[in-house]
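Since this is a predicted model, take the numbers as computed values, not measurements.
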Amino acid sequence: MALHNGPRKKTRYKFKKALRARGLPPVTSVIQDFDIGQKVHIVVEPSIQKGMPHRRFHGKTATVIGSRGRAWVLEVPDGNAVKVVIAKPQHLKAQKY
């Protein structure tokens, strides 16, 4: 059997939505604006595949360090390293203090 190592491997339950939350997200999630240095939560929206960050960053908190087109450039601590992630705003939620 072939080795299946796609970008959504092992995400059957991680990316599952609640029954009433299924379908496309509201338009307001697309037009979110963030400031440089702002903390955001990476919560992957499974119905939007474009600009989706890797599954290992789902549920992590990141810092916005810039924008690239319609996407945001994030800095995520991952163990002893700091990773740079590019994600669209549908997959980000502003952290509330």
* Taking side chain as C-beta onward, heavy atoms only, is Ile86 less than 4.5 Å from Trp72? -> no
* How many angstroms lie between atom NE2 of His58 and atom NE2 of His41, to the nearest 0.5 angstrom? -> 12.0 Å
* Could you grab the distance from atom CD of Gln38 to atom CG of Asp33, nearest 0.5 Å is fine? => 8.5 Å
* Using a 4.5 Å cut-off on heavy atoms from C-beta on, say whether the side chain of Ile65 contacts that of Ile36. => no
* Are more than 12 heavy atoms from other residues, nucleotides or ligands located less than 6.0 Å from atom NZ of Lys39? -> no
* To do: Measure from the side-chain N and O atoms of Lys14 to the backbone N and O of Arg55, and report whether any donor-acceptor pair falls under 3.5 Å.
  => yes
* **Which atom of Gln32 lies closest to which atom of Ala94, heavy atoms considered** => OE1-N, 4.5 Å
* Asked: Does any non-hydrogen side-chain atom of His91 lie less than 4.5 Å from one of Met52?
  -> yes
* Asked: Does the side chain of Val84 reach to within under 4.5 Å of the side chain of Val73, using non-hydrogen atoms?
  -> yes
* Structure fact -> Interatomic distance, NE2@His54 vs OG1@Thr11, rounded to 0.5 Å, equals 10.0 Å
* Validation row: Val43, Leu92 side chains within 4.5 angstrom (heavy atoms) -> no
* Output the distance between atom CZ (Arg22) and atom NZ (Lys16), rounded to the nearest 0.5 Å. => 7.0 Å
* If we only count heavy atoms from C-beta on, is the Ile31 to Pro89 side-chain gap below 4.5 Å? -> no
* Structure fact -> In terms of heavy-atom contacts, Arg8 and Gln49 come closest through NH1-NE2, 3.2 Å
* **Step-by-step side chain to side chain contact (heavy atoms under 4.5 Å, CB included) determination, Val40 to Gln95** => CA-CA 5 Å; Val40 292; Gln95 182 181 20; over 6 Å; no
* Taking atom NZ of Lys17 as the centre, report whether more than 12 heavy atoms of other residues, nucleotides or ligands fall under 6.0 Å from it. => yes
* Asked: Any chain of hydrophobic side-chain contacts (each under 4.5 Å) joining Val76 to Val64?
  -> yes
* Between Lys83 and Glu75, does a side chain to side chain contact (heavy atoms under 4.5 Å, CB included) hold up when you go through it step by step? -> CA-CA 6 Å; Lys83 305 283 177 77; Glu75 207 171 55; over 6 Å; no
* Using the side chain to side chain contact (heavy atoms under 4.5 Å, CB included) rule, take Asp78 and Arg56 through it: C-alpha gap first, then chi angles, then the decisive distance, then the call. => CA-CA 9 Å; Asp78 188 27; Arg56 95 164 50 102; 3.8 Å; yes
* Asked: What closest approach, in Å, do Ser47 and Gly23 show between heavy atoms, and which atom pair accounts for it?
  -> OG-O, 3.4 Å
* So which heavy atom on Leu74 is nearest to which on Ala62, and how close? -> CB-CB, 3.8 Å
* Structure fact -> Interatomic distance, CG@Leu24 vs CD@Glu45, rounded to 0.5 Å, equals 8.0 Å
